[in-house]
Each structure stands twice: as C-alpha cells, then as structure tokens.
Asker: 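Shown below is the structure under consideration.
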Number of protein chains: 2
Amino acid sequence: MHPHFSTKERILSAAEELFARHGFAGASLRQVTAAANVNLAAVNYHFGSKDNLINELFRRRLDDLTTRRLEMLAQAEAQPAPTLETILEAFVLPALNLAGDRFGGSAFMRVLARAYAEHDQTLRKFLSENYGHVLKRFAQAIRPLLPDLGKEALYWRLDFVAGALTYAMSDFGAVKRPPGRSEEDHRRQAAREFVRFAVAGLRAPD
Amino acid sequence: MHPHFSTKERILSAAEELFARHGFAGASLRQVTAAANVNLAAVNYHFGSKDNLINELFRRRLDDLTTRRLEMLAQAEAQPAPTLETILEAFVLPALNLAGDRFGGSAFMRVLARAYAEHDQTLRKFLSENYGHVLKRFAQAIRPLLPDLGKEALYWRLDFVAGALTYAMSDFGAVKRPPGRSEEDHRRQAAREFVRFAVAGLRAPD
DNA sequence: CTATCCTTCAAACGCTCGTTTGACCGGACG
DNA sequence: CGTCCGGTCAAACGAGCGTTTGAAGGATAG
C-alpha cells in the first residue's frame, strides 16, 4: 500500500475515530481536520458538507460489509441443509472481520452502534435506503428454519437479536478483555458467544 | 403544556424527549427550554450545567427502576425454588412498566439506548458508579441456576440480554402494537416474548 | 514559456452554543 | 410597613460551530 494516505482517506479515518468517541454532533470538523492534519476547508471541498461526510463514512465500510455478508449467506443457503448457525455466522463474521481491520474498523463499529441509536431522519433514511435490504434478506433466510414460530414472535425475536448484536458490537458491556488475551481472540470469543446465545433464543418454544 | 408541573420537571421531560430525538450534543438548551416553556437561564439555575441536567435526567428514572428491580428480585429469591423466569421477570417487568409510563417513559428508553452508544467518559462513569451494581446483583442471582455456565460466558450473555431489552424497548424496533390490543396487553406480551427468548439464550449449552 | 486544473490555505462569514449577569417580581416574615 | 429571598426574566458574554471565499501553490499539457 502507498505509504502516504490521501486527504480524503485521512479525513474519513479521523472522522471515524472522533465520531465514535463523541458522536456526530459532538465532534466538530475542526477537531476532525486537526486530527487528520488537514486544512479545515478540505472537508467541504472533498465532501460538500458534514452530513455528506457522514454518509461517505458509512458507504466506505458498508458497501464491502454487505457484499461479504450476502456472499456468506449465499454460501450458507447453497448447502443441502442450511442451519441457523451458519446463517447467523454469515451476518456476524464479516462484521467481526471488519472490526478487526488493522486501521479504524473497531471505531467504525462504534459509529454504527451510534447510528442505531440515532433517530435523526437524514442518517436513518440514508442507511435504510442503501442497506435496509440486507436485514430483510436475512429475515427471509431465517424464517423457513423456524416454521413453528408465529410471525409476530419471529419479529420480536429478530428485534432482540439485532439489539443484542448492536450492544455487543458497541463494546459498552460488562465484559472487559482479559489482560492475557489478544484483541483478536476477544472478538472471536464474542462472536462465538453471540451466535450460541442467538440461536438458542430464536429456537425457544413459542 | 402541563402548567401544573414545576419548572424542574418540565425541563427534565422536555430534555428527555429532545435528547432522545437528537442526542445530548445535538439538542441545545435553547431547544429544551423553548419546548418546556421556560426561560433559558432556568437550566443553569436549577441544574448548574447541561452535563448535570443529563445526570439528573437519568437519576430521576433509574433510582426508581433499580429499586423496583431489586424488590422484585428479592421476592423471587424468597420463594423456595426460584426459577430463571421469575428472576428475569424481576429485571424486565419494571423496565417495561417504565417504558409504558404515561408520560415520557418511552423517550427515556431511547435516551438510555443513546447512553449505551455513548463512550464519553463523564456519562459512563456516572452510570457505572451509580447503577453498575444492579447487573452484578442479578448475575449473582442467576449464577446458581446455571451451574454449568462459565463465569465469563454468563457475563457475555447478560450483556446480550441487557442490550436486547434496551433496544427492543426503544421505539425503533420492528414490533408495533396491533390496533386491536391494549397498551397493557402489548407490554405483557412483550415481557412474555422477551423472557422466553432470554431464558432460552441463557440456557444454551456452553 | 504560459495556461489550465486540481488542491490547499488563512481568513472571514453569520450563527448558535453554554453560561453568566443584574434587574425584577411576589409572597413570607419581622 | 420594609426587608428578604427563591424564582424568573431579557440581555449579553466569549467561544466554537459549519460553511464560504479568494488567493496561492504545484503538477501537467500545449
């Protein structure tokens, strides 16, 4: 990789870290450009506005993430007898790999958790229009594997699963990484625990 | 709006709604005081600062919530053979009652969801210092009922349970109340679905 | 060489932010 | 009566906000 990062890339990375830490309204463009060692006006030159910078920040990561998720889902469904585990792993593992990305991936996961809590219309509209189909696609894949579950009960539980995943990704919880364990192992452990928990919860008798 | 409420209460309620919608940094004191029909300076007079207003906002709801949770937990443990279901109900029902509170309860749940995404030190420190003991208390109660589960796995799963509950109860979940059903019944149904899901998830093999 | 285009820069534009100030009101109390 | 005092008020404070501007690089093409 080229040792020198472009102005756009440095802005995106700095914004990712600062938005993760202080929120979209809480981190200013002056903080972002200072952290990126870039002139203040560069944001409006390259991205047009702060709102659009936020959109591009999501696009940079989510395009790749959704592609990989749908690829893994297709692989899972191509097998003769798809299991709930493999489908949930298709959802979780790409996010896990992104979170483990060498530069900024985990910061992006925290930004994503903020986006879920965000009720502001602009960002929610952008995300649901561009990436809303992925969740529906996974819901369709899970439905035939839980034939005894009522439609309403399934929706309840998918809500619970989404909440638990978001919560786990935002790294706020009581579980701290033990001193002797690597960050990589900690994430892998989280994914293992999550899939096990979610599968059992979804399979509970109606 | 509600002229018989005190200035402090009107500020807290307006702040709850606006912080839920726009975040702590995204909603200004001018918006809050305008919505509360109160002078701008009233916030600093009654609360000292915006940060402290946020703290008091959490204190108003969480003091009562944790008290009721611990009361119900004590009742569950007083029975000859406590079950996972009754213990989880002690955690869930008070939160659901709060969410269904006639004025502002659901807005507070959305604020709470934002607090989970918040990585800023001030709010996190306040919450963990004042209310962190509750989750530990429930963990102690649940532990003997899941003797085969490792300590770390238990904490992971309680994290998932708390996250699922929080996100399910802020109103951006998929499940809306059907027209023919009362709010009370809807809440009861939600509790049933959640406890069933959470019990199965906790009981998953380690 | 000059001309062109893309990018960077310091400076400034209105505007909104959280907070502070000092005056003013109205009931309580001697 | 006058004094006090918790509460409310309009106004202002300095700082920081997102965005815009116009000039200045710097590489490339003719």
Side-chain angles (χ1 to χ4, degrees), chain A residues 2-60 111 114-115 118-123 125-126, chain B residues 1-60 111 114-115 118 120-123 125-126:
Chain A
H2 198 282
H4 176 261
F5 290 98
S6 72
T7 298
K8 286 186 74 165
E9 283 167 342
R10 277 189 292 161
I11 291 174
L12 284 170
S13 295
E16 210 164 53
E17 180 58 37
L18 283 163
F19 288 157
R21 183 142 45 210
H22 301 113
F24 303 115
S28 72
L29 294 185
R30 280 169 176 81
Q31 292 176 271
V32 169
T33 52
N37 272 313
V38 149
N39 187 271
L40 169 62
V43 171
N44 289 277
Y45 176 78
H46 287 286
F47 297 96
S49 69
K50 184 179 183 178
D51 276 349
N52 197 58
L53 165 64
I54 294 172
N55 286 357
E56 292 302 317
L57 188 153
F58 281 99
R59 204 189 297 279
R60 177 173 73 150
V111 172
R114 277 191 185 273
E118 196 74 36
H119 284 247
D120 202 66
Q121 282 305 90
T122 37
L123 179 57
K125 190 180 173 193
F126 171 82
Chain B
M1 198 191 314
H2 291 265
H4 55 289
F5 287 148
S6 73
T7 297
K8 286 186 73 164
E9 284 166 341
R10 277 189 290 159
I11 290 174
L12 284 170
S13 295
E16 208 164 55
E17 180 59 38
L18 283 163
F19 288 158
R21 182 139 46 210
H22 302 113
F24 303 113
S28 72
L29 294 186
R30 282 169 176 82
Q31 292 175 270
V32 168
T33 52
N37 272 313
V38 150
N39 187 272
L40 169 63
V43 170
N44 288 278
Y45 177 79
H46 287 286
F47 298 96
S49 68
K50 184 179 185 179
D51 275 349
N52 198 58
L53 165 63
I54 295 172
N55 286 357
E56 291 303 317
L57 188 153
F58 281 99
R59 204 190 297 277
R60 177 172 74 150
V111 172
R114 278 193 184 271
E118 196 73 39
D120 202 66
Q121 282 306 92
T122 37
L123 180 55
K125 190 180 172 194
F126 172 83

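Quick note on labels: first sequence line is chain A, next is B, and so on, each numbered from 1.
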Asker: Would you indicate whether the side-chain heavy atoms of Asn55(B) and Phe47(B) approach each other to under 4.5 Å?
Answerer: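 Phe47(B) vs Asn55(B): side chains apart.
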Asker: Kindly determine whether Leu53(A) and Leu12(A) satisfy side-chain contact (heavy atoms from CB on, under 4.5 Å), including the steps that lead there.
Answerer: CA-CA 8 Å; Leu53(A) 165 64; Leu12(A) 284 170; 3.8 Å; yes
Asker: In whole Å, what is the span from the CG atom of Asn52(B) to the C1' atom of dT19(C)?
Answerer: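 For the pair Asn52(B) CG and dT19(C) C1', the rounded distance is 14 Å.
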Asker: Grab the CD1-P distance between Ile11(A) and dT7(C) for me, whole Å please.
Answerer: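 Rounded to whole Å, this separation is 12 Å.
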Asker: So, Arg30(A) side chain and Leu40(A) main chain: donor-acceptor pair closer than 3.5 Å or not?
Answerer: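 Not at all, since once roles are kept as given, no pair shorter than 3.5 Å links the two residues.
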Asker: I'd like a list of close polar pairs between nucleotides 21-28 of chain D and the protein, N/O only, cut-off under 3.5 Å.
Answerer:
none

Asker: Hey, could you give me the CG/CG distance between Leu29(B) and Asn44(B), rounded to the nearest 0.5 Å?
Answerer: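 Atom-to-atom, Leu29(B):CG and Asn44(B):CG are 6.5 Å apart.
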Asker: Closer than 3.5 angstrom, by distance alone: can the side chain of Gln31(B) be matched with the main-chain N or O of Ser28(B) as a donor-acceptor pair?
Answerer: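 Yes, the answer is positive, given that a donor and an acceptor are paired below the 3.5 Å cut-off.
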Asker: How sharply is the helix from dC1(C)-dG30(D) to dG30(C)-dC1(D) bent, taking the axes over five pairs at either end and rounding to 10 degrees?
Answerer: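 Computed angle between terminal axes is 10°.
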Asker: Report the distance from atom NE2 of His46(A) to atom P of dC9(C), rounded to the nearest whole Å.
Answerer: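 After rounding, the gap between these two atoms is 10 Å.
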Asker: Reading nucleotides 12-18 of chain C 5' to 3', which nucleotides get B (base under 4.0 Å from a protein heavy atom), which S (sugar-phosphate only), which -?
Answerer: B----BB
Asker: Just wondering, do Glu56(B) and Lys8(B) contact through their side chains at under 4.5 Å, heavy atoms?
Answerer: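 No; the side chains remain at least 4.5 Å from each other.
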Asker: Using whole Å, report how far CG of Asn39(B) lies from P of dC9(D).
Answerer: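 Answer to the nearest Å: 5 Å.
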Asker: I'd like to know if the side chain of Arg10(B) reaches the main chain of Val38(B), judged simply by a donor and an acceptor atom lying under 3.5 Å from each other, with no hydrogens or angles considered.
Answerer: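 Checking the backbone N and O of Val38(B) against the side chain of Arg10(B), no donor-acceptor pair under 3.5 Å is found.
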Asker: So does Phe24(B) get a backbone contact from the side chain of Lys50(B), meaning a donor-acceptor N/O pair under 3.5 Å?
Answerer: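 Yes, Lys50(B) side chain to Phe24(B) backbone: donor-acceptor pair under 3.5 Å.
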Asker: CG of Asp51(A) versus C1' of dC17(D): gap in Å, rounded?
Answerer: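 That distance rounds to 14 Å.
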Asker: State, to 0.1 Å, how close Arg60(B) and Glu9(B) come at their nearest heavy-atom pair, and which atoms those are.
Answerer: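 Closest pair (atom of Arg60(B), atom of Glu9(B), distance): NH1-O, 4.1 Å.
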Asker: Just verifying a value: how many Å separate Ser13(B) OG and Leu18(B) CG, rounded to the nearest 0.5 Å?
Answerer: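 Going from OG on Ser13(B) over to CG on Leu18(B), the span is 11.0 Å.
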Asker: Reckon Thr7(A) has a side-chain N or O less than 4.0 Å from the OP1 or OP2 of dT7(C)?
Answerer: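 Answer is no, no contact under 4.0 Å.
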Asker: Rounded to the nearest 0.5 Å, how far apart are CD of Glu17(A) and NE2 of His22(A)?
Answerer: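 Nearest 0.5 Å value for the CD-NE2 distance: 9.0 Å.
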